[in-house]
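Remember, it's 1-based here, ligands and their atoms both numbered in the order they're listed. Just so we're clear, the structure is a prediction, and the values are computed from it rather than from any experiment. Each residue takes its place number in the sequence, starting with 1.
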Amino acid sequence: MILLEKNIYFCGEKHPERSIFDQLIPLPQGTTYNSYLVIGSEKTALIDTMYPPLIDRLMKTLESNHVESIDYIVANHGEQDHSGALPTLLEKFPNAVIVTNPKCKELLMAEHHIAEEKFQVISDRETLSLGDKTLEFYFTPWVHWPDTMFTLVKEDKVLFTCDFLGAHHTDGELFADYSKELETSAKRYYAEIMMPYRTFCKKYVALIDEIAPKTICPSHGPIYKDPKFIMDLYRKWVSDEVEKKVVIPYVSMYNSSYEMAKRLNDRLQKAGIETVLADLVHTDEGEVAMELVDAGAVVLACSMVLAGPHPKAVYVAYLMNLIKPKMKYFSILGSYGWGGRLTETIDSLIPMVKAEKLDYIVVKGKPTSDDLDKVDKLADELIEKMNAL
Ligand code: FEO
């Protein structure tokens with residue numbers, strides 16, 4: 001265990017070899033599952049637990065550090081990467097009580113079949129005394145599930161935010177090094193997990209400003225002894241502001257769509273607009289998602305496969321609809337052989353994307369010089385719009 005503050009310890013685990021999260025999100029560095037022990041003068045509380053495959057490691061850590069009693073296990077969130085060890089912990093510490101909110105209790109009972117009497121349900125802003133330390137709970141639904149909450153150790157101003165402000169980041173030490181690499185990991189994590197709930201994130205950034213913690217301890221990634229770094233990043237990401245940046249994810253079977261995407265890209269770049277031309281065959285979705293955090297516009301370029309858009313473009317459109325980026329403009333470039341429903345299908349996949357739709361350009365076969373003129377016109381419109389942001 002690693003001491004964070006007087007009688008507050010980290011007892012989590014790094015899992016750098018994990019390659020995917022929720023069978024969906026690629027993890028270039030794996031992740032961490034941060035569990036914390038708060039020892040008060042009268043009671044001891046464990047805050048969040050462990051991902052099921054690593055339960056033994058948590059149990060070993062507690063044993064080798066002679067943790068002989070746990071009175072409370074605070075569940076800030078029911079997802080099993082944090083709640084997986086609850087049944088094992090209850091066996092080892094039969095007098096322990098799970099402290100959580102009503103929604104999380106419901107999820108935990110369904111996931112782990114834990115008996116109702118093992119829970120102590122708290123309300124928003126309720127406090128729980130451990131003797132010389134007091135826990136205060138803040139209900140913060142939707143970062144990440146409807147059950148999520150924060151726990152504060154009032155006397156030490158240490159705030160446990162569970163998934164919120166986390167990062168799938170295992171390079172480096174337990175404490176944040178405030179590096180560009182950490183910023184990238186945190187941005188990618190925000191894009192994949194928090195961005196769909198941007199409105200809630202905004203609210204909780206304001207809540208944390210009000211709490212003014214000295215230390216922020218998320219349940220994934222490093223601990224922030226200086227919360228300003230991560231808070232300033234979130235302030236930027238959750239704001240309505242976008243960058244003068246156009247993201248162009250593309251998939252092109254015989255280069256026609258690529259030719260249009262490249263033409264657009266080069267004209268935008270020449271005008272000083274930042275672009276990201278992302279080959280969907282070789283770029284992982286997490287990278288595309290990360291670029292969408294602050295993109296001003298997205299132009300999806302794709303080939304047709306049979307009678308519809310290429311499945312790799314379909315996947316990105318579907319993902320975009322899930323994570324709801326704040327971009328202001330959207331368009332499609334495409335090429336077909338004999339027909340099909342390219343734009344209609346993509347449009348049907350993005351009802352939650354509120355961006356203004358600019359003219360779509362779909363050509364038969366290889367783009368002609370007239371078609372490329374249309375791409376230039378779209379580029380000029382985007383240049384004007386990006387410069388007006
Ligand atoms: Fe890290 Fe939503 O669990």
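Ring-plane geometry between H77 and H144 is classed as perpendicular, the angle between the planes exceeding 60 degrees on a 0 to 90 degree scale with a lower cut at 30. Using bins of under 30°, 30° to 60° and over 60° for the plane-to-plane angle, the ring pair H220/Y33 lands in the perpendicular bin. A perpendicular orientation is assigned to the rings of Y360 and F330, their planes being inclined by more than 60° (bins at 30° and 60°). Ring-plane geometry between Y36 and F160 is classed as tilted, the angle between the planes lying from 30 to 60 degrees on a 0 to 90 degree scale.
The N, O or S atom of D81 with the smallest distance to atom 1 (Fe) of ligand 1 is OD2. The atom of E79 nearest to atom 2 (Fe) of ligand 1 is OE1, with the search restricted to N, O or S atoms.
The angle subtended at atom 2 (Fe) of ligand 1 by NE2 of H77 and ND1 of H144 is 110°, given to the nearest 10°. Around atom 1 (Fe) of ligand 1, the two atoms OD1 of D163 and NE2 of H82 are separated by an angle of 80°, to 10 degrees.
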